[in-house]
Number of protein chains: 2
Amino acid sequence: MTLSAVSMQMKSLEGDLGVTLFDRAHRPPKLTPDGRRICDHAEAVLKAESALLATSQSRTGLSGIYRMGFVPTASVRLLPDFLMAAERDAPQASFEIATDLSDALEDRVLSGDLDAAVITASSDQRGLQMDVLRHEALSYASCHPGNLEVLFATLPFLHFLPKSGIGKLIANHVGGRASRTITLDSVEAIMECVNRGIGFTLLPAPDIERFAVPDVIKTAEPGGLSRDLVLITRTTSQTSDLRTGIYTLFQKEV
Amino acid sequence: MTLSAVSMQMKSLEGDLGVTLFDRAHRPPKLTPDGRRICDHAEAVLKAESALLATSQSRTGLSGIYRMGFVPTASVRLLPDFLMAAERDAPQASFEIATDLSDALEDRVLSGDLDAAVITASSDQRGLQMDVLRHEALSYASCHPGNLEVLFATLPFLHFLPKSGIGKLIANHVGGRASRTITLDSVEAIMECVNRGIGFTLLPAPDIERFAVPDVIKTAEPGGLSRDLVLITRTTSQTSDLRTGIYTLFQKEV
DNA sequence: GCATAAATTCAGAATAACTGAAGTTAAAAT
DNA sequence: ATTTTAACTTCAGTTATTCTGAATTTATGC
């Protein structure tokens with residue numbers, strides 16, 4: 001850069017800011033008091049800019065701010081391990097987590113509001129890539145002995161969120177067999193009721209085991225019913241390794 | 001700004017950074033995870049830039065970072081009040097203070113290293129503007145009674161920094177009259193010696209009064225000797241109101 | 001699947017930035 | 001003090017960048 005170009009830029013900056021920055025009575029020109037203050041601020045600007053450049057240059061693997069969604073059961077069971085694995089293996093990535101129901105999360109991933117989500121697998125949806133994270137058997141849980149017909153006939157059925165992904169699976173298989181149904185939106189609350197003998201339920205085995213007292217009897221659903229927790233991402237996602245990068249973090253042992 | 005211009009800037013920025021910032025599968029384009037992180041950094045840059053603009057636009061009166069010098073006696077007596085006045089009446093100004101001897105401060109103001117300085121006035125120097133801040137009588141101080149001839153004959157003369165501005169004034173007037181001379185670089189140390197009767201001295205009356213115990217006898221110098229504390233600034237200084245602005249702060253009551 | 005609105009691309013125009021020569025000005029040397 | 005020297009500024013012309021408007025491609029709604 002030529003000296004004359006520097007001189008013109010100095011003059012131009014003074015004009016733009018409306019402040020005399022240089023005392024040209026000295027050679028080389030010295031900063032005025034105002035110039036010193038502006039210089040300090042300018043250095044702060046450059047520092048912020050070089051921080052920007054630093055993050056964009058030393059970028060490897062998963063990097064950036066990811067927005068992810070989790071269904072409630074996944075946010076309790078999968079999320080903590082996921083975040084620990086990310087902290088360790090993807091230090092340049094940070095996460096904004098939202099909890100919602102499967103349908104809503106599908107919409108939000110599809111619309112680009114979220115980059116990825118962990119939901120209960122349902123029928124394939126166009127534009128979404130699904131990767132199975134966990135395959136979980138559904139079991140009945142009760143404190144009272146007896147086969148399923150007896151339970152359905154004698155105890156209230158504790159039904160988890162019928163509108164949720166897992167809730168719809170449960171509804172399909174229970175059909176109209178329940179003599180009485182109580183709807184709840186909390187796995188922990190349902191299991192507390194089961195533990196006290198208030199009713200029985202059908203839930204993923206890991207969720208039952210999480211809260212069940214020793215008295216609780218688990219009965220596998222006769223039809224081999226299960227649900228898949230899947231990672232959904234947009235198929236048209238620009239960042240090619242977003243899907244595999246996040247999927248890998250779910251497979252890590254912590 | 002046209003939409004096409006925005007589009008070109010977006011593409012150009014992605015190329016410069018080497019990062020895909022936008023996911024163009026959406027309309028309008030959405031930020032990628034990396035884009036979100038870069039966006040946060042970019043906002044920090046803009047924030048720093050608007051802070052710069054703010055200081056250069058709301059500028060009134062004394063503003064900026066001023067570098068000032070004080071001779072030791074002035075840094076103790078004038079500086080605190082000056083800084084308090086500045087804090088109150090020139091909130092947009094901040095100060096970097098250096099303490100040095102008058103000659104050195106003259107050079108540093110002349111070379112532009114300092115914007116202004118408070119020194120003991122000497123012969124006028126080309127290129128420096130002088131404004132009198134304080135007119136101070138010089139007095140002899142001693143614990144022992146008797147006229148000056150007796151003091152000079154019987155007690156050591158405590159001589160403040162002979163190389164300093166005030167020191168040269170003192171040297172000129174004392175001449176060779178002292179039977180013994182002790183040189184010191186601290187007014188406080190000199191007055192401590194005077195207080196204990198170790199010797200006598202010749203100093204500005206305010207400096208004597210600052211440390212003298214009641215026993216000390218002050219004798220005005222017969223020739224009406226005095227020193228002026230003056231504010232020096234460069235005559236060719238670009239910032240026109242620097243001199244009057246600083247001078248005014250010295251006149252304020254706090 | 002088609003229509004519509006929106007983003008991108010391209011070529012030319014406008015703007016901004018830069019270079020080199022000439023003219024000033026501050027510091028150094030006589 | 002005056003002259004010399006080196007450095008900064010100004011000016012004119014060139015180069016590079018950015019912007020606009022029309023044509024094209026692309027996502028979304030019906």
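First the proteins, then the strands, lettered A, B, ... as listed; each starts at 1.
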Let me have the donor-acceptor pairs involving side chains of residues 81-91 of chain B, under 3.5 Å, with sequence neighbours excluded, atom names and distances please.
unit_1, atom_1, unit_2, atom_2, d
B:Arg88, NH1, B:Glu253, O, 3.4
B:Arg88, NH2, B:Glu253, O, 3.3
B:Asp89, OD2, B:Lys252, NZ, 3.4

Rounded distance (Å) that lies between atom [atom2] of [N] and atom [atom1] of [X]:
X: A:Met1; N: D:dT15; atom1: CE; atom2: P; answer: 18 Å
X: A:Leu110; N: D:dA27; atom1: CG; atom2: C1'; answer: 13 Å
X: B:Asp16; N: D:dA16; atom1: CG; atom2: C1'; answer: 14 Å

Qualifying salt bridge (charged side-chain N to carboxylate O under 4.0 Å, His left out) pairs with a residue from residues 160-176 of chain B, counting only residues at least two apart or across chains: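 Sorted result for residues 160-176 of chain B: B:Asp103-B:Lys168.
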Base versus backbone protein contacts along nucleotides 3-9 of chain D [heavy-atom cut-off under 4.0 Å; B, S, -]: ---BBBB
All pairs passing side chain to side chain donor-acceptor pair (under 3.5 Å) where residues 53-62 of chain B contributes a residue, at least two apart: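 Output for this query lists A:Asp34-B:Arg59.
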ring-ring contact (aromatic ring centres under 6.0 Å, His included) against B:His41, all qualifying residues, sequence neighbours excluded: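 B:His41 satisfies ring-ring contact (aromatic ring centres under 6.0 Å, His included) with no residue once adjacent residues are dropped.
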Any residue meeting side chain to side chain contact (heavy atoms under 4.5 Å, CB included) with B:Pro206, in chain and number order, not counting sequence neighbours: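 Applying side chain to side chain contact (heavy atoms under 4.5 Å, CB included) to B:Pro206 gives B:Arg77, B:Glu136, B:Pro204.
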All side chain to side chain contact (heavy atoms under 4.5 Å, CB included) counterparts of A:Asp185, not counting sequence neighbours: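 By the side chain to side chain contact (heavy atoms under 4.5 Å, CB included) rule, A:Asp185 matches A:Leu161.
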Qualifying residues under salt bridge (charged side-chain N to carboxylate O under 4.0 Å, His left out), relative to B:Glu106, sequence neighbours excluded: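 So B:Glu106 forms no salt bridge (charged side-chain N to carboxylate O under 4.0 Å, His left out) with any residue.
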Under-4.0 Å side-chain N/O to phosphate OP1/OP2 contact, A:Gln9 with C:dA16: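 False: A:Gln9 side-chain N/O out of range (4.0 Å or more) of C:dA16 OP1/OP2.
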Sidechain N-carboxylate O distance under 4.0 Å for A:Asp207, A:Arg227: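 A salt bridge links A:Asp207 with A:Arg227.
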Angle between terminal axes - the helix from C:dG1-D:dC30 to C:dT30-D:dA1, 5 pairs each end, rounded to 10°: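 The end-segment axes of the helix from C:dG1-D:dC30 to C:dT30-D:dA1 are tilted 40° relative to each other.
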